[in-house]
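What follows is one structure encoded as structure tokens, with my remarks underneath.
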Number of protein chains: 2
Amino acid sequence: MTGSRPTGDELVEVLAALSNPLRLRIVATLAGGRDYVSHLARVIGVSRPLLHMHLQRLEAAGLVVGSLELSEDGKAMKYFEVADFDFTLTPSALAEAVLTLTTADQKRGPAREEPS
Amino acid sequence: MTGSRPTGDELVEVLAALSNPLRLRIVATLAGGRDYVSHLARVIGVSRPLLHMHLQRLEAAGLVVGSLELSEDGKAMKYFEVADFDFTLTPSALAEAVLTLTTADQKRGPAREEPS
DNA sequence: TTCACATGTAAGAATTCTCTTACACGTGTA
DNA sequence: TACACGTGTAAGAGAATTCTTACATGTGAA
């Protein structure tokens, strides 16, 4: 992962995933060790459904990895851990990533302005 | 700027500013040289008011710098250029930034769930 | 059976983001 | 005067994000 060259779309997804204080806190907490959802929710102090949603976003971006495991007493536990990502944000790195942006170019239409 | 240690709040603002395809494209385009708003809007293919808004967001995050200049024929031209930022995104870098998150801790209240 | 604990997900409200349209101002030139 | 070009900004619609509440499932122990 270190020094990877993400595509524009991947980069946007990663940045969007990390541009939220709570999600940043989740990654930071998991950087201290893996944890399962319910416990992590109590540690961070958010509701479990909310944490579940944010973890989904982080996992979709490839920043955390989850695995469903069975504890000794038979409970289904979903453990999450951080992926060891390494992204560099510089003007030239962004310029390179933009080359591979698909972006479905919004729904922006004619783009002419102030038609007089 | 290179190798800077942003505060959590700064980092969130930077990431939010870059987590948009159009803004990424703006930074990438400006990385190729400074330009003024109206021309940049034509180059990228978006309306000037829209570009204006995105440039504000990028400038607020410190990623681009604008300067109002007077052209030879007396027109007010606002030129923008990229700041030479360099952010590293790794789990430990994020963990460090999170320590300085103020975040006004959302409006999340009791955070107890499924009250039975 | 009931409780405590784990999981997942759907519905709705409140807020924020994105974008268009429309207005304001200024200058130099035809 | 009218046009072409530059600037800024405000109002509103539509879409996406964020969060709560409420429901569903499962296990083991009292």
Side-chain angles (χ1 to χ4, degrees), chain A residues 12-13 15-26 35-61 66-80 103-116, chain B residues 12-13 15-26 35-61 66-80 103-116:
Chain A
V12 168
E13 189 171 20
L15 295 174
L18 293 177
S19 67
N20 175 285
L22 180 47
R23 283 196 291 270
L24 222 49
R25 226 184 291 258
I26 292 170
D35 201 355
Y36 65 94
V37 183
S38 288
H39 184 251
L40 184 56
R42 287 190 292 268
V43 168
I44 297 185
V46 297
S47 71
R48 187 181 53 81
L50 182 56
L51 178 60
H52 183 271
M53 190 198 58
H54 285 300
L55 283 171
Q56 272 190 325
R57 216 137 149 45
L58 288 169
E59 188 170 34
S67 65
L68 190 61
E69 304 176 9
L70 285 173
S71 68
E72 297 176 0
D73 60 337
K75 279 181 194 143
M77 318 279 277
K78 183 132 190 193
Y79 278 88
F80 277 91
T103 317
D105 272 281
Q106 277 98 308
K107 66 258 193 146
R108 76 170 186 271
R112 46 152 169 55
E113 73 178 285
E114 278 113 271
S116 57
Chain B
V12 168
E13 188 170 20
L15 294 174
L18 293 178
S19 67
N20 174 287
L22 180 47
R23 283 196 292 270
L24 222 49
R25 226 185 291 258
I26 292 169
D35 199 357
Y36 65 95
V37 183
S38 288
H39 185 251
L40 185 56
R42 285 190 294 269
V43 167
I44 297 186
V46 296
S47 72
R48 187 183 53 82
L50 181 57
L51 178 61
H52 183 271
M53 190 198 57
H54 285 299
L55 283 171
Q56 271 191 324
R57 216 137 148 47
L58 287 169
E59 188 170 34
S67 65
L68 190 61
E69 304 177 9
L70 284 173
S71 69
E72 297 177 0
D73 60 338
K75 279 182 196 145
M77 318 279 276
K78 182 131 191 194
Y79 278 88
F80 277 90
T103 317
D105 271 279
Q106 278 96 310
K107 66 263 195 139
R108 78 171 186 271
R112 46 151 169 58
E113 74 179 283
E114 278 115 89
S116 58

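Both backbone and side-chain heavy atoms feed into the values below; hydrogens, waters and symmetry mates do not. From a predicted model like this one, the values you see are computed outputs, not experimental measurements. Convention: sequence-line order gives letters A, B, ...; per-chain numbering from 1.
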Between atom [atom1] in [X] and atom [atom2] in [N], what is the gap in whole Å?
X: B:Glu72; N: C:dG28; atom1: CD; atom2: P; value: 12 Å
X: B:Met53; N: C:dT21; atom1: CE; atom2: P; value: 15 Å
X: B:Leu51; N: D:dG8; atom1: CG; atom2: P; value: 10 Å
X: A:Tyr79; N: C:dG8; atom1: OH; atom2: P; value: 13 Å
X: B:Arg48; N: C:dT21; atom1: CZ; atom2: C1'; value: 12 Å
X: A:Ile26; N: D:dC19; atom1: CD1; atom2: C1'; value: 13 Å
X: B:His39; N: D:dC5; atom1: NE2; atom2: P; value: 12 Å
X: B:Lys78; N: D:dC5; atom1: NZ; atom2: C1'; value: 18 Å

Is the shortest heavy-atom distance from the side chain of B:Ile26 to the side chain of B:Val46 under 4.5 Å?
-> no

Quiz item: Going by heavy atoms in the side chains, are B:Tyr36 and B:Glu69 under 4.5 Å from each other?
Solution: no

Closest nucleotide among [options] to the [X] side chain:
X: B:Lys75; options: D:dC5, D:dG8, D:dG28; result: D:dC5
X: A:Val37; options: D:dT7, C:dG8, D:dC19; result: C:dG8
X: A:Arg23; options: D:dT18, D:dT7, C:dA6; result: D:dT18
X: B:Arg57; options: D:dT7, C:dT18, C:dA10; result: C:dT18
X: A:Leu50; options: D:dT9, D:dT20, C:dG8; result: D:dT20
X: B:His52; options: C:dG8, D:dT9, D:dT7; result: D:dT9
X: A:Pro49; options: D:dC19, D:dA10, D:dA22; result: D:dA22
X: B:Arg42; options: C:dG28, C:dC19, D:dG6; result: D:dG6
X: B:Asn20; options: C:dC19, C:dA6, C:dT18; result: C:dT18

Please check the phosphate of [N] (OP1 and OP2 only) for any side-chain N or O of [X] closer than 4.0 Å.
X: B:His54; N: C:dC19; result: yes
X: A:Tyr36; N: C:dA6; result: yes
X: B:Ser47; N: C:dT20; result: yes

One should read off an interatomic distance between B:Leu70 CG and B:Lys75 NZ, to the nearest 0.5 angstrom, of 12.0 Å

dist A:Lys78:NZ -> A:Leu40:CG (nearest 0.5 Å) comes out at 13.0 Å

Residues passing the side chain to side chain donor-acceptor pair (under 3.5 Å) test with B:His54, sequence neighbours excluded, are B:Arg23

By nearest-nucleotide position on DNA chain C, the 5'-leaning member of A:Met77 and A:Gln56 is A:Met77

Derivation and outcome, side-chain contact (heavy atoms from CB on, under 4.5 Å), residues A:Gln56 and A:His52:
CA-CA 6 Å; A:Gln56 272 190 325; A:His52 183 271; 3.8 Å; yes

